[in-house]
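Only one structure is covered here, and it is reproduced in the block below.
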Amino acid sequence: MKRGLLPALLGLLLSGALSARADVIISEVMASNGYFEDGHAWDWVELYNDGKSAADLSGWYLSDSGKNPLKWSFPRGTKLKAGKYLTIWCTGEENADPGKGDEFYADFAISSKGETLILSDAAAREVQRLKLPAQYGCVSYGRPAGGGEYGFLETPTRGAKNGARAFETRTGTPRLITAGGFYGGSVTVEAEGPAGAELRYTTDGSTPTGKSKRFPAEGLTLRKTTALRLRAFQEDAVSSETVSATYFVDDDPKTPIVSLITDEKYLFSSKTGILTKGKGSTPNYARGWEYPLNVEYFTAEGEPQINQMGTFTASGHSARVNAQKSIALYARKAWGKDRFEFNPFPTRDYDGYKSLLLRAANSDAYATRLRDIVASSLAEGQGILYQDHQVIQVYINGAYYGHYNLREKINKYFIAQYEGVTEEKDIDAIDLLARTGTDQFLQNGDNADWLALCDFCREKDLTDPENLRQVEEQLDIDSLFTHAAFEIILGNVDFTNVRVYRVPGGKWRMLLFDVEACWRGLDRTPLEYYIKPVNAKIQGFRHEPLNALLRVPEYRDRFLRRVAELLETVFRWDRVEARFDEVIAQLEPILPRHIARWKNMKMDNWRKNIRATKYYARVRPKKIPELLKKAMKLTDAEAEEYFGHALEVLEETNAAEPKAGKD
């Protein structure tokens, strides 16, 4: 090689490397994310290659710590083409796979309070140091298109070109002086915003933009029920948060009201709406999309309880095909608060909720609309977790959407509240399983111990004291017995609706869930799925723990006495009838309007279905002793010992048996 050629070549290579380093920049950051993609709303950092050739990022580093600038590194082979973007999702979670292509996953999260991001090359040389100020929720921070000083961007554009301007601050939040609520005839809404800001509004649920109507200085007069959204705009700042409120005109609440306000594209767009089927092979409502919305709650007297932003998803399983769909609500910190700071449920003493469920009565939507809430409420005080309820009506963007049952949403936070778990790491470690508990039914945590326990019960003889001790240490047996007794007595034919959970350091416990397919008949179902040989086929849930324990005389005795206790207390007709009548009194005045909205039932049929359901709820408990006698091969003497007194009580409170009506 000629003298001088090697240095020239090295210089050329070094020049190219330095050029590539200079061309790769942090173009946009989201440190308080409330926009969900694929079920997650992680923080993210976007890189952009501003050069004319691809950059090799193999072994480059990204960090939020000056003490540890090499916190996370790109895998070998990572390339960023000229003029292209890539995203690093900052999950705060350990990930075995760091990612590939244009999406990667770092194990740290970004603080919304403000911190410094450091991008380094494979030689650990700093490429860029970006200091982030305190961040606004759901507002990104980045470099404007074409260059310039970093600042807050009007619209997040992950994976695409940023806006032309970046700002140092955000416009202050406007205020609706006239509170949302119930008014007669009309209401004139007054509002105020930051000095110099322009107020713009919408009444169709959409987020106001700079092109929306200007809010009148003298106020806005509304003559019908309206969902109002208001936003402030300034030339030198990102637009404000959106404030929303519903104004009900000549509308009598009758029950508590939940009012939801959100962009139409999130509701019924064939491409993005989650309350519609859409056009793809997978229905929109089954895709798990989660979108922002405003949530208000008013008492039956019209008093406001909350008005805050959150997110929502479609909820339920097969019932999602129904026109009226169940909706799950979530409080998200990025949108303002991480809790709904109120308690709508009469039997709970909590001061707030992470999530709530608007349940559309699902499979009972065309019959009684009350089976699940009445049956579940009977579990109050019985030492088993169940979902409390409130009969409500729902409005979406000012339009009436009918009767719903507001329920507690089953997830790790629901369990944590009930069990008194407060540390976030312990909440995250709660095990929550559905049905058989296999991987496809794992809702949170881990299922290995549950599956091992079920297999142990299938394979081992629990009359052996050591084997029994192992089960007693892991399983809350009273919870198991109470759950099985409820399901059998209720006659819940949808027997796959089983949930089992465990908090750190605790035992496996049962959760009474979705029993609306109850009180439909007097035959043995679901008894045959609960009481069966230990080694029988697994059908819908793991039956082995219950039946292995029933082989142990003392536990067989305990189970039968628990069933008898429930029959003569919880399921005596005067107590059950009172629960029915309480809910019927709430439903009857609102159902005509609900039916007019959905046209899916008739009041006469509803009343017939109520009579039929009451009949089964009244008569079925008296049938249980005979069903159990046959299933568990009890002698006449045993049946009398366990159920004699219970049958006497049931006869006393159920002297006359009504005839079954239409169901």
Side-chain angles (χ1 to χ4, degrees), residues 379 382-386 410-412 414-416 418-421 425-488 492 495-514 526-560 562-563 631-632:
Q382 297 306 311
I384 189 170
L385 179 54
Y386 68 99
I410 295 177
N411 53 30
K412 62 184 179 181
F414 170 60
I415 293 167
Y418 179 77
E419 297 287 352
V421 179
K425 63 179 180 61
D426 293 330
I427 295 174
D428 289 340
I430 289 174
D431 301 318
L432 175 58
L433 321 175
R435 301 193 179 192
T436 57
T438 51
D439 289 352
Q440 71 183 111
F441 300 120
L442 175 61
Q443 292 186 247
N444 196 75
D446 188 83
N447 59 359
D449 287 349
W450 172 251
L451 298 178
L453 175 62
C454 293
D455 289 343
F456 183 88
C457 291
R458 191 178 190 91
E459 298 163 4
K460 302 295 183 180
D461 180 4
L462 299 194
T463 59
D464 182 323
E466 177 57 27
N467 291 338
L468 180 61
R469 182 187 62 78
Q470 290 191 48
V471 174
E472 290 172 331
E473 289 176 350
Q474 298 180 66
L475 178 64
D476 184 328
I477 296 172
D478 288 333
S479 172
L480 176 68
F481 285 177
T482 297
H483 181 271
F486 259 84
E487 295 281 347
I488 293 167
N492 181 23
F495 58 88
T496 62
N497 288 335
V498 173
R499 296 288 186 277
V500 59
Y501 70 89
R502 180 181 64 176
V503 301
K507 297 181 179 182
W508 291 104
R509 305 190 72 187
M510 307 300 294
L511 191 164
L512 189 67
F513 160 74
D514 194 357
L527 181 61
E528 66 269 33
Y529 299 102
Y530 280 87
I531 309 298
K532 58 198 286 190
V534 174
N535 60 359
K537 180 181 178 181
I538 298 169
Q539 296 173 288
F541 65 96
R542 297 303 292 261
H543 66 278
E544 300 99 324
L546 173 63
N547 289 282
L549 286 164
L550 293 181
R551 289 180 172 181
V552 182
E554 65 182 276
Y555 280 115
R556 178 177 179 270
D557 176 76
R558 186 190 293 190
F559 173 72
L560 290 168
R562 179 56 172 154
V563 174
M632 298 183 68

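All values below were derived from every heavy atom in this structure, side-chain atoms included, with hydrogens, water molecules and symmetry-related copies excluded.
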(request) Looking only at non-hydrogen atoms, find the nearest pair between Gly437 and Trp450 and report the distance. (result) CA-CD1, 4.4 Å
(message) Could you check whether any side-chain heavy atom of Phe513 comes within less than 4.5 Å of a side-chain heavy atom of Ile410, counting everything from C-beta outward?
(response) yes
(message) side chain to side chain contact (heavy atoms under 4.5 Å, CB included) for Arg542 and Val500? Distances and angles first, verdict last.
(response) CA-CA 10 Å; Arg542 297 303 292 261; Val500 59; over 6 Å; no
(message) In the structure I gave you, are the side-chain heavy atoms of Val498 and Tyr529 within less than 4.5 Å of one another anywhere?
(response) no
(message) Ile415 vs Asn444, test: side chain to side chain contact (heavy atoms under 4.5 Å, CB included). Steps then yes/no.
(response) CA-CA 11 Å; Ile415 293 167; Asn444 196 75; over 6 Å; no
(message) Any heavy-atom pair between the side chains of Ile538 and Thr436 that's under 4.5 Å?
(response) yes
(request) Taking all non-hydrogen atoms of both residues into account, name the closest pair between Thr496 and Arg435 and its distance. (result) O-CG, 3.2 Å
(request) Please check if any side-chain donor atom of Gln539 sits under 3.5 Å from a side-chain acceptor atom of Lys532, or the reverse. (result) yes
(request) Among Leu550, Asn547, Leu546, find the one that has a side chain to side chain contact (heavy atoms under 4.5 Å, CB included) with Tyr530. (result) Leu546
(message) I want to check something: taking the side chain as every heavy atom from C-beta on, are Val471 and Pro545 in contact at a cut-off of under 4.5 Å?
(response) no
(message) Measuring from atom CG of Leu442 to atom CG of Asp431, what distance do you get when rounded to the nearest 0.5 angstrom?
(response) 8.0 Å
(request) Please examine the side chains of Glu544 and Asn535, heavy atoms only from C-beta on, and report whether any two atoms are closer than 4.5 Å. (result) no
(message) Could you check whether any side-chain N or O of Arg458 sits under 3.5 Å from a backbone N or O of His543, counting only pairs where one atom can act as donor and the other as acceptor?
(response) no
(request) Taking all heavy atoms of Asp446 and all of Leu433, pick out the closest pair and write down the distance. (result) O-CD2, 4.0 Å
(request) Evaluate the side-chain proximity of Gln470 to Leu453: yes if any heavy-atom separation is below 4.5 Å, no if none is. (result) no
(message) Which heavy atom of Ala429 sits nearest to which heavy atom of Pro504, and what is that distance?
(response) CB-CG, 3.8 Å
(message) In the structure I gave you, are the side-chain heavy atoms of Arg562 and Gln382 within less than 4.5 Å of one another anywhere?
(response) yes
(message) Check this for me: does any side-chain nitrogen of one of Asp476 and Arg502 sit under 4.0 Å from a carboxylate oxygen of the other?
(response) no
(message) Do Glu419 and Tyr501 pair up side chain to side chain, a donor and an acceptor below 3.5 Å, judged on atom types alone?
(response) yes
(message) Looking at Glu473 and Arg469, is any side-chain nitrogen of the basic one under 4.0 Å from a carboxylate oxygen of the acidic one?
(response) yes
(message) Any non-hydrogen side-chain atom of Met510 less than 4.5 Å from a side-chain atom of Phe541?
(response) no
(request) Would you please say whether a donor-acceptor pair under 3.5 Å links the side chains of Asp439 and Asn447? (result) yes
(request) If the plane angle is over 60° it's perpendicular, under 30° parallel, otherwise tilted; pick one for Phe481 and Tyr555. (result) perpendicular
